[in-house]
Amino acid sequence: NAGVTQTPKFRVLKTGQSMTLLCAQDMNHEYMYWYRQDPGMGLRLIHYSVGEGTTAKGEVPDGYNVSRLKKQNFLLGLESAAPSQTSVYFCASQTGNSNQPQHFGDGTRLSIL
Amino acid sequence: LAKTTQPISMDSYEGQEVNITCSHNNIATNDYITWYQQFPSQGPRFIIQGYKTKVTNEVASLFIPADRKSSTLSLPRVSLSDTAVYYCLVKGGYQKVTFGTGTKLQVIP
């Protein structure tokens with residue numbers, strides 16, 4: 001059972017380039033989340049989804065877009081990457097009961113030059 | 001959103017019990033308290049969750065006083081492999097998740 005899988009694990013981009021981070025979960029979870037983690041800081045919520053076809057903004061949504069076309073996948077897009085988006089990105093999923101814990105992937109380390 | 005406050009770092013010797021306290025003065029009635037552990041280059045991993053009083057599982061205990069404005073994660077007899085960052089999370093629904101900066105626990109041989 002793979003749990004939450006993030007691809008790619010590492011990526012280096014130039015300013016202005018675009019890319020998509022993929023998160024896949026095989027636990028049939030309803031909720032999915034994208035966080036970023038910067039040095040010395042906790043995780044900050046970027047966007048989240050409470051079900052297929054739905055997305056919503058979190059704490060730091062600017063510069064990112066997301067899509068949840070399939071229940072098992074949650075995509076995070078950067079349309080025009082900026083150095084301030086250099087970070088480690090974590091995806092998480094959760095059952096439909098919001099009091100249950102979240103399950104995290106191992107992250108994507110993204111550097112924007 | 002309920003904000004959490006934890007010590008930035010703690011040191012402990014192997015075999016000792018470690019208690020990490022988290023303050024969450026603005027916790028709401030429906031909020032649960034959840035603790036996660038994070039190793040370098042990995043995502044956070046769930047440790048324990050509670051609403052009030054005491055919860056215990058195979059790896060930790062969680063103590064929550066009656067006013068629920070704080071909570072204490074207790075790790076019995078820590079080993080070197082418990083060196084990690086521990087996050088206290090107050091969660092009352094999917095859109096109200098708030099991670100603090102965490103407590104970096106260093107276990108010393």
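Throughout, a chain's letter reflects where its sequence line sits, starting with A, and its residues are numbered from 1.
Side-chain polar atoms of Gln38(B) and Gln37(A) form a donor-acceptor pair below 3.5 angstrom.
Transitive grouping of hydrophobic side chains (ILVMFWY, heavy atoms separated by less than 4.5 Å) brings Leu89(B) and Tyr31(A) into a common cluster. Hydrophobic clustering places Ile27(B) together with Ile48(B) (ILVMFWY residues linked when any side-chain heavy atoms are closer than 4.5 Å, directly or through intermediates).
Residue-environment remark: CD (Glu52(A)) exceeds the threshold of 12 foreign heavy atoms within 6.0 Å. Atom CD1 of Ile8(B) sits in a sparse spot, with 12 or fewer heavy atoms from other residues, nucleotides or ligands closer than 6.0 Å. With a 6.0 Å radius and a threshold of 12 heavy atoms from other residues, nucleotides or ligands, Lys104(B) has its NZ atom at or below the threshold.
Taking Tyr87(B) as the reference, Phe99(B) meet the ring pair (Phe, Tyr, Trp, His ring centres under 6.0 Å) condition, with sequence neighbours excluded.
When the heavy atoms of residues 14-23 of chain B are compared with those of chain A, none of the residues falls under 4.5 Å.
Neither the backbone nor the side chain of Phe39(B) comes within less than 4.5 Å of any heavy atom in chain A. Contacts of Arg109(A) with chain B are made by side-chain atoms alone, with heavy-atom separations under 4.5 Å and no backbone atom involved.
Other residues sharing a hydrophobic cluster with Leu110(A) under the 4.5 Å side-chain heavy-atom criterion for ILVMFWY residues are Leu13(A), Met19(A), Leu21(A), Met32(A), Trp34(A), Ile46(A), Val60(A), Tyr64(A), Val66(A), Phe74(A), Leu76(A), Leu78(A), Tyr89(A), Ile112(A).
Evaluation of the ring-ring contact (aromatic ring centres under 6.0 Å, His included) test over residues 44-85 of chain B, restricted to residues two or more places apart or in two chains, returns Tyr32(B)-Tyr51(B).
The shortest heavy-atom contact between Leu43(A) and Pro44(B) is CD2-CG, 4.0 Å.
Atom CD of Gln102(A) sits about 8.5 Å away from atom OG1 of Thr34(B), to the nearest 0.5 Å.
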